[in-house]
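The next block holds one structure in the form of structure tokens; read it before the comments.
Order of listing sets the numbers, starting from 1, for every ligand and every atom in it.
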Amino acid sequence: MPEATRTPKEGSAPRVVVTRPLPEPWLAPLRDAGLELDVADRDAPMAPEALQARAPGAAALWVQLDDRVDAALLDAAGPSLRVVATFSVGTDHVDLQAAAARGVRVANTPDVLTDATADQGWALLLAVARRLREGHALVQRGEWDGWSPTRLLGTDLADRTLAIVGLGRIGTAMAHRGRAFGMRVAYHGPRPHPERAAELDARFEPDLDALVRSADVLSLHAPLTPSTRHLLDARRLALLPPHAIVVNVGRGSLIDEPALVAALREGRIGGAALDVFEHEPQVPAELLAAPNVALAPHQGSATRATRAAMAARCVDAILAALAEGGTA
Ligand code: GLV
């Protein structure tokens with residue numbers, strides 16, 4: 001649509017750009033509040049130029065984790081922009097400083113997706129530990145010829161160490177599930193969390209390398225920042241015990257993916273349970289072919305109730321920001 005038609009006329013309703021088609025019930029509270037909704041019609045990432053072309057004059061942007069919210073987009077939106085609501089807990093795709101400098105509020109969706117994401121981590125971990133992909137494929141191919149004492153032997157988790165990097169909301173939920181499976185919990189992060197650790201009987205490990213060495217399962221829950229990018233690199237992968245399973249339901253770039261692929265290829269680790277990848281939606285061919293991985297298309301929060309709750313968070317944030325700015 002040409003820019004002229006996107007710039008609000010005096011007295012017209014504030015416009016909310018929504019970068020994916022979303023179910024009508026999720027959007028209804030915004031319509032009911034009298035906002036104009038400019039909703040993308042394709043369930044695919046919008047090219048940055050296309051998003052910039054829609055942004056001028058918008059009061060709010062409801063974006064996804066694969067939209068880049070940078071100074072160029074914020075400037076394209078202009079001074080009408082009050083809030084960016086991202087349909088994700090992660091905010092690594094948003095230039096928070098650029099938003100703050102322009103007085104634009106940024107809202108994300110913490111809390112409501114914690115359990116769903118930890119469930120996904122455990123689903124993938126169990127799939128790797130118990131070789132569920134191989135078992136399922138065997139049955140599906142019609143090649144199962146009866147019980148075997150030695151077929152598809154997997155890895156026990158009880159009495160093993162679940163090493164958590166980042167004991168935030170999702171890391172803690174992952175650890176609670178680990179305790180329920182009889183695992184010991186150790187964790188690393190910028191600081192100890194004595195209360196959470198007491199509930200989990202968890203050990204704080206100030207040295208990340210030492211945590212990695214002690215891991216039977218290593219689960220990554222740090223936010224992606226310049227200092228956590230590739231925190232699991234070739235050197236640290238080499239510290240893992242050879243049976244260790246790596247779990248990542250956070251951000252793909254926490255891991256140096258080619259180094260992980262090499263460690264799997266060379267049998268230097270036990271397996272990988274991955275919901276996220278460095279260059280989504282691309283997944284290295286060698287990962288696709290590896291038997292000891294479980295891979296999912298970034299669907300940690302993908303349950304009906306969780307996504308509806310995330311939408312409600314975005315709606316509330318948009319309505320609050322526009323009410324405060326006197327535009328809704
Ligand atoms: C998912 O990755 C999220 O950040 O919500």
Which of Leu27, Thr19, Val17 passes side-chain contact (heavy atoms from CB on, under 4.5 Å) with Trp62? Answer is Leu27
Got a salt bridge between Arg20 and Asp66, using NZ or NE/NH1/NH2 to carboxylate O under 4.0 Å?
-> yes
Give a yes or no on whether Arg68 atom CZ has more than 12 heavy-atom contacts from other residues, nucleotides or ligands under 6.0 Å away.
-> no
For Glu24, does the CD atom sit with more than 12 other heavy atoms under 6.0 Å from it, leaving out its own atoms?
-> yes
How does the hydrophobic cluster around Val247 look, that is, which other residues are in it when side-chain heavy atoms under 4.5 Å mark a link?
-> Trp122, Leu125, Leu126, Val128, Leu157, Leu162, Ile164, Leu167, Met174, Phe181, Met183, Val185, Tyr187, Leu200, Phe204, Val217, Ile245
For residues His93 and Thr86, is any side-chain donor paired with an opposing acceptor at under 3.5 Å?
-> yes
Below 4.0 Å from any atom of ligand 1, which residues have a heavy atom? Give them in chain and number order, please.
-> Leu65, Ser88, Val89, Gly90, Leu113, Arg251, His298
